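So you know, we letter chains A, B, ... as the sequences are listed, proteins then strands, and number each from 1. No experiment lies behind these values; they were computed from the predicted model shown.
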Protein chains: 2
Amino acid sequence: MSSHIPIGRKVTLNDIAAGCGVSRATVSLVLRGSPLVNKLTRARVEEELRRQGYVYNRAAANLRRRTSTSIALVLNDLANPFFAEFAAGVDEALAAAGFVTLLGCTGESPAREQAVLGSLLEHGPAGIILSPAEHSRAADVLAAVGRRAPLLLFNRELGGALPEFAHWDQLMLDNQHGARLATEHLLERGHRRIAFFGGHHDSSSCRQRHAGYAEAMRGAGLRTEPHWRIECAPTRLDAAHHTPALFAGAFAPTAAVCYNDAVALGLMLGLNQRGLRPGHDFALTGFDDIAEAALGMPPLTTLSAAPRERGGQAAELVLERLQQPQAASRQTVAPVRLIVRESSCPPPIT
Amino acid sequence: MSSHIPIGRKVTLNDIAAGCGVSRATVSLVLRGSPLVNKLTRARVEEELRRQGYVYNRAAANLRRRTSTSIALVLNDLANPFFAEFAAGVDEALAAAGFVTLLGCTGESPAREQAVLGSLLEHGPAGIILSPAEHSRAADVLAAVGRRAPLLLFNRELGGALPEFAHWDQLMLDNQHGARLATEHLLERGHRRIAFFGGHHDSSSCRQRHAGYAEAMRGAGLRTEPHWRIECAPTRLDAAHHTPALFAGAFAPTAAVCYNDAVALGLMLGLNQRGLRPGHDFALTGFDDIAEAALGMPPLTTLSAAPRERGGQAAELVLERLQQPQAASRQTVAPVRLIVRESSCPPPIT
DNA sequence: AGCTAATTTTGGATCGTTCCAAACCGGTAA
DNA sequence: TTACCGGTTTGGAACGATCCAAAATTAGCT
């Protein structure tokens, strides 16, 4: 009568079956809501399930059915708010579909990525969502994963040639289009001398963003100066450091499309140090829409990739792939949205 | 000879055994590095494992051994950088111990918390780390979890009476001591009229932080004014909104201990709007040391709970509990560290 | 060779579930 | 009486690993 809390060993189908004089198979049918069982037996069994506090053992069921209800989520950096949001989106969508998330973090190390993939695979996930570590190679990922689970690549491309039969799905951000939007926005505001600031040339996202910028400039019939493209690490500090390079040559730019928000915030610092007021004397845009972007001084015009929605989308893509294991691989490019704030002012009147 | 990628169904112990003319049991011994097997057979089996690209099926092993190699991590809000860091720390420590993280997010909803716990339990985790949703009740958590896995509560207390036999471990932050440190720091700087700003009175962490503040004020022989305690939602926006209340009465404070960093950053905005320069005309401290704290204008004096380390610690605690299921439950209080930055200036000379 | 001791190997039972073919049961038609 | 019919129920063999007692092999010593 009192609330019954199980104490000893785990309750199994056999215990329930014995408890209400019915066979194991029948209890199993009840659990899965089969229409075969008689109403009365069902009620009796359900009562007993409750009474004994039965918990379904999905591992055993999955073993027998040769199925899986987990998806591995392997991230390069969970501490990064962008990926944390993404993970939250993935988990939410997976949970809604009755799946469970197996988490793994690689900390940007390809070696740990290998270890993590190996360990997670032993738990037999139905699929894998992977945001690769920097410099992770396609061949290594293939060796670890093989054909054991469908893989969705998120956010980054893998290094090295992709073996022709590895039909991996991809979900990438529209870096190129995003950067073009930002550049066109600055052009509309009246800027003509626009720089592309920050990022490493060997990162695929940086190349794509620069391509979008170049496309917009070409589209407006504008030439660019070599010193309008500054390479630096995608951190605030390094960006602040490299600010003077922007003004080293003739034709100093009046605006900059930055590789990402961190770089843009760093550039703001650097501008302040030169006595330039970002958002007044110099315009700039970021990429990612991190939390600080909205609260900067001034608030930063940037591109939002809606990481939470991307997470949901990634989950959907993997789940769809489970339905259609043989379908052709899909390369999805997620749109990004321009968020206009005060940092993208018109050029100062000269 | 060419790199062999498995194509058809999964490779099992039987396949390996058949493949090199030895019994299933022997292969199992090899896998687990038993000293019983002969060197030569071991080599032969290992070669075959490699050749067929065998992947250990941990679910099957766990079923037979009645063990588990996963830990459930249930968080109220993964999008919050504090918890994201925490999760990264948990995952890192678990991975190092050969465990895998089962992730679940509740989005601050007790109902979803119930669902998530139920779903994760079906996968038979060896233990659970739970940062409860707001207003989650002890009785409900107990009903969901029972004795099926040891539970570690992180960061928050549960509502309602804790049934006497639920020996849950706890890992909490030293909110009270932290707030006292911040208050004493402001006192040392010369402040006498110090407010406690933000947070909801019904949250346990807010109560604890306020207690630390009150303790320090009492310790310095200072009385506090009623309007020095302002309640507001722990968000930037609401904090900015409530700023005027601080200056509504006589004896306006010259400094404020804020409930957390978000509130402190909001208060900075509110101060700016009143023409007060935070860090010059008014001192303030935060709590959490989020990324923005170091980069605010001015940088924010705050308390760091080192969320990543706390994650590692939480993992350790659960793993220790697995070793000693019967040991008395542990209530751990993690220290917090005062990070002094520019926002905690001395009071203006009057 | 003969016998014991030490070293390796192995067949079956088992974990908790699902699948499947067969059995059961009360009723109706032949 | 037998055959046959839905509608229900069931025993036993899987799934892929581990455990255990017993068997097979090898070594050591008269």
Side-chain angles (χ1 to χ4, degrees), chain A residues 6 8-46 48-49 52-70 98 119 121-126 148, chain B residues 6 8-46 48-49 52-70 98 121-126 148-149:
Chain A
R9 54 182 213 76
K10 274 170 190 156
V11 180
T12 77
L13 278 197
N14 270 321
D15 300 321
I16 305 299
C20 60
V22 80
S23 85
R24 201 169 57 251
T26 307
V27 182
S28 175
L29 289 175
V30 169
L31 279 179
R32 286 172 294 154
S34 158
L36 288 179
V37 303
N38 183 297
K39 266 201 168 98
L40 263 73
T41 17
R42 152 157 301 134
R44 240 175 49 233
V45 170
E46 277 172 349
E48 187 71 12
L49 286 169
Q52 298 204 30
Y54 171 80
V55 178
Y56 189 67
N57 184 333
R58 217 167 268 279
N62 283 337
L63 173 60
R64 175 63 236 251
R65 305 181 56 192
R66 299 148 140 277
T67 55
S68 166
T69 48
S70 58
S119 161
L121 274 169
E122 292 188 350
H123 289 84
R148 285 175 271 272
Chain B
R9 56 183 211 76
K10 276 169 190 156
V11 180
T12 77
L13 277 199
N14 271 320
D15 300 323
I16 305 299
C20 58
V22 80
S23 86
R24 198 169 60 253
T26 306
V27 182
S28 175
L29 289 175
V30 170
L31 280 179
R32 285 171 295 152
S34 158
L36 288 180
V37 302
N38 183 297
K39 268 203 165 100
L40 262 74
T41 17
R42 152 155 300 134
R44 236 172 55 229
V45 170
E46 276 172 348
E48 187 71 12
L49 286 169
Q52 297 204 32
Y54 172 80
V55 178
Y56 189 68
N57 184 334
R58 218 166 268 279
N62 283 338
L63 174 60
R64 176 63 235 257
R65 306 183 54 192
R66 297 145 143 278
T67 54
S68 165
T69 47
S70 57
L121 274 169
E122 292 187 350
H123 288 84
R148 286 176 272 273

### Query
Angle, rounded to 10°, between the helical axes spanning five pairs at each terminus of the helix from C:dA1-D:dT30 to C:dA30-D:dT1?
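One end's axis against the other's: 80°.
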### Task
Could you tell me whether the side chain of B:Thr12 reaches within less than 4.5 Å of the side chain of B:Arg24, counting heavy atoms only?
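Of all side-chain heavy-atom pairs linking B:Thr12 with B:Arg24, none is under 4.5 Å.
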### Task
Specify the residue among A:Leu63 and B:Val22 whose closest nucleotide of DNA chain C lies further upstream toward the 5′ end.
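Of the two residues, B:Val22 wins.
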### Task
Kindly give the heavy-atom pair with the smallest separation between B:Ile16 and B:Tyr54, and that separation in Å.
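Smallest interatomic distance, heavy atoms only, reads CD1-CB, 4.0 Å.
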### Message
Show the nearest heavy-atom pair for residues B:Ser23 and B:Ala17, with the distance to one decimal.
### Response
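For B:Ser23 and B:Ala17, the tightest heavy-atom pair comes out as C-CB, 3.8 Å.
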#### Entry: Which residues share a side chain to side chain contact (heavy atoms under 4.5 Å, CB included) with B:Ala60, sequence neighbours left out
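Partners of B:Ala60 under the side chain to side chain contact (heavy atoms under 4.5 Å, CB included) test: A:Leu63, B:Asn57.
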### Residues that B:Ser70 engages under side chain to side chain contact (heavy atoms under 4.5 Å, CB included), provided they are two or more places apart
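Side chain to side chain contact (heavy atoms under 4.5 Å, CB included) check on B:Ser70 returns B:Ser68, B:Val100, B:Leu102, B:Pro125.
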### Message
Heavy atoms only, 4.0 Å cut-off, all strands: where does B:Thr12 land among base, sugar-phosphate and nothing?
### Response
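Sugar-phosphate contact only - B:Thr12 comes under 4.0 Å of backbone atoms but never of a base.
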#### Entry: Listed nucleotide nearest any side-chain atom of A:Ala61, set D:dT9, D:dT18, C:dT17
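The answer is C:dT17, which lies nearest to the side chain.
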### Query
Between C:dT8, D:dA17, D:dT8, which nucleotide gets closest to the side-chain atoms of B:Tyr56?
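Given the options C:dT8, D:dA17, D:dT8, the side chain of B:Tyr56 is closest to D:dA17.
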### Task
Name all residues meeting the side-chain hydrogen bond (donor to acceptor under 3.5 Å, both in side chains) criterion together with B:Glu122; count only those two or more places apart in sequence or in a different chain, and write none if there are none.
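Checked B:Glu122 against side-chain hydrogen bond (donor to acceptor under 3.5 Å, both in side chains); matches are A:Arg58.
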### Message
Test: side chain to side chain donor-acceptor pair (under 3.5 Å). Region: residues 29-42 of chain A. Which pairs qualify, not counting sequence neighbours?
### Response
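Of all non-adjacent pairs touching residues 29-42 of chain A, those that pass side chain to side chain donor-acceptor pair (under 3.5 Å) are A:Ser28-A:Arg32.
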### Query
Using a cut-off of less than 4.0 Å, is there contact between a side-chain N or O of A:Ser23 and OP1 or OP2 of D:dT9?
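Negative; the distance criterion is not met.
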### Query
Within the pair A:Thr41 and D:dT9, is there a side-chain N or O less than 4.0 Å away from OP1 or OP2?
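For D:dT9, OP1 or OP2 has a side-chain N or O of A:Thr41 closer than 4.0 Å.
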### Task
For residues 11-20 of chain B, pull every pair meeting salt bridge (charged side-chain N to carboxylate O under 4.0 Å, His left out), keeping only residues two or more places apart or in separate chains.
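Found B:Arg9-B:Asp15.
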Please tabulate, one pair per line, each protein N/O and nucleotide N/O from nucleotides 19-25 of chain C that are separated by under 3.5 Å, including the distance.
residue, atom, partner, partner atom, Å
C:dC19, OP2, A:Arg32, NH1, 2.5

## Note on the structure
Quick tally for nucleotides 21-26 of chain D: nucleotides whose base has a protein heavy atom under 4.0 Å get B, sugar-phosphate-only ones S, the rest -, giving ------
